[in-house]
Engineer: 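Okay, handing you the structure first.
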Number of protein chains: 2
Amino acid sequence: MFSRVVDVDARERIRDAAIARFGREGFGAGLRAIALDAQVSAALVIHHYGSKDALRAACDAHVHATIRRAKSEAMRDESPAQVIGQLATIEQYAPVFAYMVRSLMDGGPAAAQFVDGLVEDAESYLAAGVAAGTVRPSRDPHGRARALVASSVGTLLMTQLDAAAGRAVAPTDRPGEAIVAMAEATVLPGLELYTYGLFTDSSYLDAYLEGHP
Amino acid sequence: MFSRVVDVDARERIRDAAIARFGREGFGAGLRAIALDAQVSAALVIHHYGSKDALRAACDAHVHATIRRAKSEAMRDESPAQVIGQLATIEQYAPVFAYMVRSLMDGGPAAAQFVDGLVEDAESYLAAGVAAGTVRPSRDPHGRARALVASSVGTLLMTQLDAAAGRAVAPTDRPGEAIVAMAEATVLPGLELYTYGLFTDSSYLDAYLEGHP
DNA sequence: ACGGCGGCTGAACGGGTGTTTAGTCGAGTC
DNA sequence: GACTCGACTAAACACCCGTTCAGCCGCCGT
């Protein structure tokens with residue numbers, strides 16, 4: 001069945017339109033708007049996916065799979081340090097990225113699973129760094145990985161807030177630009193912190209360790 | 001009926017009910033539910049506030065004022081290091097706290113203004129620390145303050161995500177518990193990072209400074 | 001004692017939502 | 001050619017939303 005000119009399955013068109021709309025407007029976006037984007041009736045969305053929730057689940061799954069694929073590709077041939085340079089290429093993943101940010105902001109279980117993946121990755125990178133002698137060991141490697149991911153997540157959210165206040169481009173709008181702007185503002189303080197720490201001596205840490213044997 | 005037992009102005013009751021509902025369910029919560037909580041008709045909500053958006057603005061303002069008051073009180077008589085112990089008292093601010101988290105997740109301008117305040121505070125604390133010799137100076141004090149606030153914001157959001165995945169108590173549910181649990185899991189990695197940094201040498205930072213004169 | 005007024009309400013309005021229903025169309029099967 | 005089946009749709013449905021309307025009722029100034 002070769003039907004119309006460029007007719008990828010309407011199912012996929014619907015899913016992609018949903019991902020784009022959800023990413024741009026959040027999960028309150030209406031089915032009819034999504035259907036319009038996909039040049040399809042609202043009823044067909046239900047016909048294919050059963051319900052809006054199920055549609056969202058399908059979007060979650062597809063986004064998750066896309067990210068996993070992109071991540072394993074990126075891991076194959078790049079050192080983590082220069083991945084930043086590669087980030088401009090992310091523009092092609094714009095909708096997926098925006099969707100992920102919305103998902104984070106929404107606070108659903110899908111987002112929890114996503115950050116779990118990030119933490120896992122960070123933990124293994126850090127472990128590799130420790131083994132190579134470039135990263136200090138930690139008493140709580142998992143907690144440290146979580147802290148670093150929290151930094152990134154928080155930076156992302158704060159950039160989104162800046163965008164709401166008209167001070168920056170929104171990650172959900174133009175992910176590529178937002179990411180590089182974010183990086184520019186974040187890298188120097190981050191590197192400072194990560195190489196020298198914040199305090200001039202270890203008295204705070206010592207005091208804490210005193211109380212938690 | 002000559003006014004009910006404890007009849008604070010219905011206006012306030014409506015505002016407080018709205019703050020609680022918004023905090024628990026997000027800003028999608030319906031006017032009728034809020035009105036029910038305040039033992040009042042939905043029409044009265046509009047009568048007093050004009051519109052749902054205006055009601056939310058009133059909530060924003062009240063929460064903002066409450067936080068400012070609490071913050072200036074906390075600043076008066078506590079050293080920032082032991083404020084953590086004081087945090088259990090926060091239980092009384094539970095609804096305000098939950099509202100703030102929702103506001104953050106919602107991504108509105110009110111939240112942007114709120115984190116601006118946090119960054120400002122952090123920056124002045126850090127400056128004081130630098131002056132006192134306990135905190136290292138930075139090439140970008142504002143950026144560093146933002147990075148630290150981003151850490152906190154990210155940690156908050158990640159705790160909310162854990163709650164959605166059933167692994168923790170939600171900051172929007174029982175703020176007191178959530179905060180101490182968060183602190184327990186976060187303090188050690190944070191202190192490690194802040195006293196020793198992450199890297200064993202300054203090569204990453206040096207490389208960056210090389211390229212950004 | 002009375003008029004007005006503001007807090008307050010139940011009911012309705014208009015619009016948007018996700019979903020259901022009944023049905024059309026086109027292609028593949030016997 | 002008759003039949004089936006799945007993609008697809010327009011219209012309707014039931015519901016929830018924020019908001020409006022008309023009017024009730026107790027308080028207050030006069």
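We name chains A, B, ... by the order of the sequence lines, and we start the count at 1 in each one.
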Engineer: Whole angstroms only, please: what is the CZ-P distance between A:Arg11 and D:dC8?
Structural biologist: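 Going from A:Arg11 (CZ) to D:dC8 (P), I get 11 Å.
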Engineer: Per the side-chain hydrogen bond (donor to acceptor under 3.5 Å, both in side chains) rule, what does the pair list look like for residues 14-26 of chain A, sequence neighbours excluded?
Structural biologist: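 Passing the test, one end in residues 14-26 of chain A: A:Arg15-A:His62, A:Arg21-A:Glu25, A:Arg21-A:Asp37.
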Engineer: Using whole Å, report how far CD1 of B:Ile14 lies from C1' of C:dC8.
Structural biologist: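 To the nearest whole Å, that distance equals 10 Å.
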Engineer: C:dT9 P sits how many Å from B:Ile46 CD1, rounded?
Structural biologist: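 About 13 Å, once rounded to whole Å.
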Engineer: Within this structure, what is the CG-to-C1' distance between B:Leu44 and C:dG10, rounded to whole angstrom?
Structural biologist: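 Taking CG of B:Leu44 and C1' of C:dG10, I get 13 Å after rounding.
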Engineer: In whole angstroms, how far is the C1' atom of C:dT20 from the NZ atom of A:Lys52?
Structural biologist: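 It is 18 Å, rounded to the nearest whole Å.
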Engineer: Does the gap between the ring centers of A:Phe27 and A:Tyr99 come in under 6.0 Å?
Structural biologist: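 Centroid separation for A:Phe27 and A:Tyr99: below 6.0 Å.
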Engineer: From NE2 of B:His47 over to P of D:dT19, roughly how many Å is that when rounded to an integer?
Structural biologist: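 Distance, rounded to whole Å: 15 Å.
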Engineer: Going by salt bridge (Lys or Arg N to Asp or Glu O under 4.0 Å), name the pairs with one or both residues in residues 156-168 of chain B, residues two or more places apart or in two chains.
Structural biologist: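 Every pair satisfying salt bridge (Lys or Arg N to Asp or Glu O under 4.0 Å) with a residue in residues 156-168 of chain B: A:Asp116-B:Arg167, A:Arg146-B:Asp162, B:Asp162-B:Arg167.
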Engineer: Is it true that a side-chain atom of A:Asp9 and a backbone atom of A:Glu12 form a donor plus acceptor pair closer than 3.5 Å?
Structural biologist: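 Not confirmed, A:Asp9 side chain does not pair with A:Glu12 backbone.
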Engineer: Write down the distance between CG (A:Leu36) and P (C:dG18), rounded to a whole number of angstrom.
Structural biologist: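 The distance from CG of A:Leu36 to P of C:dG18 comes to 14 Å, rounded to the nearest Å.
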Engineer: With heavy atoms under 4.0 Å as the rule, sort A:Val40 into base, sugar-phosphate or nothing.
Structural biologist: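 Sugar-phosphate contact only - A:Val40 comes under 4.0 Å of backbone atoms but never of a base.
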Engineer: OP1 or OP2 of D:dG6 less than 4.0 angstrom from a side-chain nitrogen or oxygen of A:His48, does that happen here?
Structural biologist: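 It does not, given that no N or O in the side chain of A:His48 lies less than 4.0 Å from OP1 or OP2 of D:dG6.
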Engineer: When rounded to the nearest 0.5 angstrom, what distance separates NE2 in A:His64 from CZ in A:Arg69?
Structural biologist: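 Rounded to the nearest 0.5 Å, the NE2-CZ separation comes to 12.0 Å.
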Engineer: Tell me: CG of B:Leu55 to C1' of D:dG18, nearest whole Å?
Structural biologist: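 Distance check: B:Leu55 CG to D:dG18 C1' gives 12 Å.
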Engineer: Do the side chains of B:Arg144 and A:Glu192 get close enough for a salt bridge, i.e. N-O under 4.0 angstrom?
Structural biologist: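 Salt bridge between B:Arg144 and A:Glu192, a charged N being under 4.0 Å from a carboxylate O: no.
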Engineer: Across nucleotides 11-16 of chain D, 5' to 3', mark each nucleotide with B, S or - according to how protein heavy atoms within less than 4.0 Å reach it.
Structural biologist: -B----
Engineer: Need one value for B:Ala29: base, sugar-phosphate or nothing, where a base atom within 4.0 Å counts as base even if backbone is also close, heavy atoms only.
Structural biologist: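 If one applies the 4.0 Å heavy-atom cut-off, B:Ala29 turns out to touch the sugar-phosphate alone, with no base involved.
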Engineer: Can you tell me how far apart CE (B:Met182) and CG (B:Leu156) are? Round to the nearest 0.5 Å.
Structural biologist: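 One finds 5.0 Å between CE of B:Met182 and CG of B:Leu156.
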